[in-house]
Amino acid sequence: MTAAISFKGLSRHFGDVRAVDSVDLEIGAGEFFVLLGPSGSGKTTCLRLIAGFERPTAGRIWIFGEDATAAPPYRRPVNTVFQDYALFPHLNVRDNVAYGLMVRGDAKAARRKSADEALALVALDGFGDRKPSELSGGQRQRVALARALVMQPKVLLLDEPLGALDLKLREQMQGELKTLQRQLGIAFVFVTHDQGEALSMGDRVAVFDKGRIQQVGSPEDVYDRPETPFVADFVGASNVLSADMVHDLVGRNAPASLRPEAIRIGFGPLAGVVHARAFLGSATRIEVDCDGQKLKVLIPKGGEVPQMGDSVTLGWSEGALHIMDSANG
Amino acid sequence: MAEARRAPLSDTLWRRPRLLLALLITPPLLWLGIVYLGALFALLAQSFFSIDEFSGLISYELTLKTYAELLRASNLDILLRTIAMASAVTVSAAVVAFPIAYYAARYARGRWKAVFYLGAMLPLWSSYLVKVYSWKLILAKEGVLNWLFETLHLAWVLEAYLAIPVIGGNSLSVSWTGTFLVFLYVWLPFMILPIQASLERVPPSMLEASGDLGARPGQTLRYVILPLALPGIIAGSIFTFSLTMGDYIVPQIVGTSARMIGQAVYQFQGTAGNIPLAAAFAVVPIVVMGVYLTLAKSAGAFDEL
């Protein structure tokens with residue numbers, strides 16, 4: 001089967017800055033694919049390269065097997081939901097949604113019907129005559145979604161679409177987007193810097209750092225089996241144990257990741273002093289200083305929380321320590 | 001609290017914001033009300049008086065006779081000529097200014113932005129008369145433009161153009177084309193700056209969204225950029241249109257002997273002493289602008305303000 005999107009050695013440099021640095025990537029048709037990374041890691045530039053808003057400095061892009069490297073945005077079978085929604089302020093909601101159909105030359109009645117259907121799909125029936133300025137942030141978000149979906153793209157690109165929404169609305173929209181993607185069966189390429197969002201929504205996640213992909217895999221892969229210290233730290237804020245320490249513990253000379261929630265207090269190979277404590281609501285996080293290596297430990301509610309300055313012993317169940325052999329960072 | 005006693009005025013004003021507002025707004029309101037609107041109404045009132053043809057004295061009886069005089073063939077010519085010139089200057093200024101403003105708003109950054117502002121504003125810094133006289137020299141028969149055409153062996157093109165009735169003439173400096181070019185030059189900054197300001201407020205993502213939805217660049221220009229720049233174009237056109245309609249120096253120095261409204265006002269209130277007719281002439285641009293703005297408003301040009 002042809003991949004929906006395929007990158008080969010793709011780079012985008014802005015002067016000396018390598019925003020995207022020779023990236024190879026394949027995104028399957030019908031996949032919910034997340035580009036995850038801190039700001040400035042190149043994930044948004046990658047999305048813009050797919051949409052055609054940026055021209056690659058080097059490398060090639062294929063969209064469903066067709067070389068799209070030099071294709072302008074208006075010739076690509078992909079549509080974008082923008083971070084700032086980018087709704088046209090001079091058009092009402094229906095005309096915003098029907099914009100793509102209008103420039104394509106659809107008849108007025110046909111595009112009105114399609115636009116109203118798309119608005120119904122995002123639960124905004126009856127909002128067609130309003131101006132974007134009269135809608136809330138969440139509603140504008142839905143209009144932007146309807147405007148992209150009405151074009152029946154083969155790939156939908158979403159650039160941190162939930163960033164401006166409050167927590168509750170964001171969680172609701174995460175669920176709706178996931179359902180919508182399954183329902184439509186098209187590929188979603190979703191950019192976010194929120195690792196929780198990435199893990200809960202993605203079929204696969206690509207973790208970006210400094211213009212390069214650190215790891216591509218299922219959410220379970222990148223969470224449980226991070227391949228580089230960066231991934232371990234960025235996804236779920238894991239403890240990264242130095243190679244020396246791992247050597248002392250298990251005799252292998254490579255860094256390892258150890259999840260804060262996998263550490264048990266009481267019995268084990270490491271000892272240290274509690275030097276920070278933070279109450280998080282559902283759990284308490286403490287930081288233990290073991291000869292200079294600081295380890296975060298998550299104690300669920302109900303567990304016994306040691307005091308500041310207490311000496312504690314740390315242990316974990318077998319398999320919790322993930323050794324990063326292929327580490328390159 | 002001890003601090004408070006040292007600034008009783010600030011404290012009083014802080015506690016009574018309405019008093020502060022009143023103090024701030026009264027002087028400009030007085031200026032606008034008495035000096036500006038007062039003078040305008042005095043002018044308007046003059047236009048309803050008439051002049052006694054035998055004695056040359058103004059009769060202070062309200063009448064529409066003066067306005068009827070505006071419609072006499074020779075006066076009507078002046079009105080139509082001026083409106084046509086103002087329209088041509090406005091449309092051309094919009095066409096010339098738009099690409100410049102677009103470039104400045106979308107592409108110029110840092111130093112180039114400064115160069116743009118300087119370039120757009122520089123003509124406004126030198127004396128208006130100096131600029132108009134320079135243009136007379138440029139456009140004259142012995143001027144640099146003629147020389148350029150001759151050097152390029154294109155003199156016949158210029159001659160063919162000058163042979164066209166109405167817009168042509170003996171040389172560019174005594175033709176309507178000359179008047180038009182000078183107007184276009186002197187008012188262009190007033191068109192560039194508002195368009196640039198309106199384009200500055202269009203986020204780049206909006207243009208990307210248009211392309212993303214399948215619009216070719218020409219369609220994006222027509223359906224997104226132009227509608228969003230419209231308030232700026234209207235604002236600019238108010239400047240160029242009203243400035244051209246009221247001007248009496250440019251047509252005096254460059255162009256034919258046929259008069260425009262500004263010159264008519266100047267002559268009727270000065271040499272001819274016919275203040276009522278001068279006032280009636282001066283009312284015309286105000287009415288035309290009023291009609292223009294009403295039409296623009298009903299066409300939805302200000303919906304995005």
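In the text below, chain A, chain B and the rest are named by the order of the sequence lines, each starting its count at 1. Just so we're clear, the structure is a prediction, and the values are computed from it rather than from any experiment. Just so you know, these numbers use all the heavy atoms, side chains as well, and skip hydrogens, waters and symmetry mates.
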Point-to-point distance, once rounded to the nearest 0.5 Å, from [atom1] of [X] to [atom2] of [Y]:
| X | Y | atom1 | atom2 | result |
| --- | --- | --- | --- | --- |
| Met206(B) | Tyr85(A) | CE | OH | 13.0 Å |
| Glu54(A) | Glu208(B) | CD | CD | 7.5 Å |
| Arg147(A) | Leu213(B) | CZ | CG | 5.0 Å |

What donor-acceptor contacts under 3.5 angstrom involve side-chain atoms of residues 93-106 of chain B, with partners at least two apart or in another chain?
| from | atom 1 | to | atom 2 | distance (Å) |
| --- | --- | --- | --- | --- |
| Tyr102(B) | OH | Arg106(B) | NE | 3.4 |

Which heavy atom in [X] sits nearest to a heavy atom in [Y], and how many Å separate them?
| X | Y | value |
| --- | --- | --- |
| Tyr74(A) | Ala215(B) | CB-O, 3.5 Å |
| Val224(B) | Tyr99(A) | CG2-OH, 3.3 Å |
| Thr80(A) | Asp212(B) | N-OD2, 2.6 Å |

Does any non-hydrogen side-chain atom of Ser210(B) lie less than 4.5 Å from one of Phe88(A)? yes
Going by heavy atoms in the side chains, are Tyr223(B) and Leu91(A) under 4.5 Å from each other? no
What do you reckon, is [atom1] of [X] surrounded by more than 12 foreign heavy atoms closer than 6.0 Å?
| X | atom1 | answer |
| --- | --- | --- |
| Tyr292(B) | OH | yes |
| Gln152(A) | CD | no |
| Arg170(A) | CZ | yes |
| Glu117(A) | CD | yes |
| Lys113(A) | NZ | no |
| Arg109(B) | CZ | yes |
| Lys131(B) | NZ | yes |

Which bit of [X] comes within less than 4.5 Å of chain B, counting heavy atoms only: side chain, backbone, both or neither?
| X | answer |
| --- | --- |
| Arg48(A) | side chain |
| Leu157(A) | neither |
| Asp84(A) | side chain |

